Amino acid sequence: MRGGTRRGHISSCKRFAAFLKRSPDTATLEDIRRFQLHLAEMGASICNRNRIMTGLRFLFRVTLRRLDLAAEIYHLGEPQKIPLVMSTDETKRLLAVARSLKARLLLSLGYGCGLRAGEVVRLKVKHTDSAQKIIRIEQSKGRSRARIQRSTISTAPSTLPLSRGLRLRVGKIVVS
């Protein structure tokens, strides 16, 4: 066990003992539940509570050999955050304020394909396949490659095809 892990587990055990005001080897399942509620009331994040409970699980399983209590300590799941998605009206307003064809094209591609800003900036004409209507994304997150079907883009206006006199150079779109 690494030093940081060991310190974290010891800190968790001290915190639990301070809460109990007695030795943790006399703890019951109800004591553990009360401690978890105490952590929640104190405003500890779910991640922090899971870290503390991991230390307690180690204490009960390895040190005290109280497998009955160790088996009852569960991790809490982080609530999934719902991504913010723009409405159709917001998307139209955003595209309306774009002053140039280049900006509208970048915004349409970025929003319609769900691209990150860095991926949009690195796009080049050679990354598009008009016949198959595919855009190849290189060096996306995790340095992987992705392929996106252009036909799934609902927000990209049909008047902005990539093959319409647009050249991409070193990550920038130049209108010719």
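Just so you know, these numbers come straight off a predicted model, no measurement behind them.
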Next on the checklist: What I'd like to find out is whether the side chain of Arg34 reaches to under 4.5 Å of the side chain of His38, using heavy atoms alone.
Outcome noted: no
Item to check | Close side-chain approach of Glu72 and Leu69, heavy atoms under 4.5 Å | outcome: no
Item to check | Validation row: Thr5, His9 side chains within 4.5 angstrom (heavy atoms) | outcome: yes
Next on the checklist: Less than 3.5 Å apart, any donor N or O on the side chain of Arg104 or Ser108 sitting next to an acceptor on the other?
Outcome noted: no
Item to check | Inter-residue atom distance Leu64.CG - Thr26.OG1, 0.5 Å rounding | outcome: 10.0 Å
Next on the checklist: Please check: side-chain N/O of Arg49 versus main-chain N/O of Ala44, any donor-acceptor pairing under 3.5 Å?
Outcome noted: yes
Checklist entry - So does Asp31 pair up with Arg33, basic N to acidic O under 4.0 Å? => result no
Next on the checklist: Using every non-hydrogen atom in the two residues, find where Arg57 and Ile73 come nearest and quote the distance to one decimal.
Outcome noted: NH2-O, 3.0 Å
Checklist outcome for this item: When rounded to the nearest 0.5 Å, the distance separating CG of Leu109 from CD of Glu119 is 12.0 Å
Checklist entry - Above 12 or not: heavy atoms from other molecules or residues under 6.0 Å from CZ of Arg2? => result no
Checklist entry - Can you name the ring-ring contact (aromatic ring centres under 6.0 Å, His included) partners of Phe35, sequence neighbours left out? => result Phe16, Phe19
Checklist entry - Within the side chain of Ser12, is there an N or O that forms a donor-acceptor pair under 3.5 Å with the backbone of Gly8? => result yes
Next on the checklist: For His75, is there any backbone N or O sitting under 3.5 Å from a side-chain donor or acceptor partner on Asn50?
Outcome noted: no
Checklist entry - If you round to the nearest 0.5 Å, how far is CG of Leu20 from CG of Asp25? => result 10.0 Å
Checklist entry - What distance do Met53 atom CE and Gln36 atom CD have between them, rounded to the nearest 0.5 Å? => result 4.0 Å
Checklist entry - Would Leu39 and Phe58 show up in the same hydrophobic cluster when neighbours are defined by side-chain heavy atoms closer than 4.5 Å? => result no
Next on the checklist: Measuring only between side-chain heavy atoms, which start at C-beta, is Pro24 closer than 4.5 Å to Thr63?
Outcome noted: no
Next on the checklist: Could you see if Ile10 belongs to whatever hydrophobic cluster contains Ile52? Use Ile, Leu, Val, Met, Phe, Trp, Tyr and a side-chain cutoff under 4.5 Å.
Outcome noted: no
Checklist entry - Side chains of Asp89 and Ser87: do they bring a donor and an acceptor to under 3.5 Å? => result no
Next on the checklist: Tell me whether Leu29 shares a hydrophobic cluster with Leu56, the cluster being built from Ile, Leu, Val, Met, Phe, Trp, Tyr side chains joined at under 4.5 Å.
Outcome noted: yes
Checklist entry - Can you tell me how far CZ of Arg66 sits from OG1 of Thr28, rounded to the nearest 0.5 angstrom? => result 8.5 Å
Checklist entry - Roughly how far apart are Tyr74 OH and Ile32 CD1, rounded to 0.5 Å? => result 11.0 Å
Checklist entry - Are side-chain heavy atoms of Leu123 and Leu115 found at a separation under 4.5 Å? => result yes
Item to check | Step-by-step side-chain contact (heavy atoms from CB on, under 4.5 Å) determination, Val120 to Arg116 | outcome: CA-CA 6 Å; Val120 172; Arg116 297 172 180 87; over 6 Å; no
Please list every donor-acceptor pair under 3.5 Å in which a side-chain atom of residues 93-101 meets a protein atom from a residue at least two apart or in another chain.
from, atom 1, to, atom 2, distance (Å)
Ser100, OG, Ala103, N, 3.1

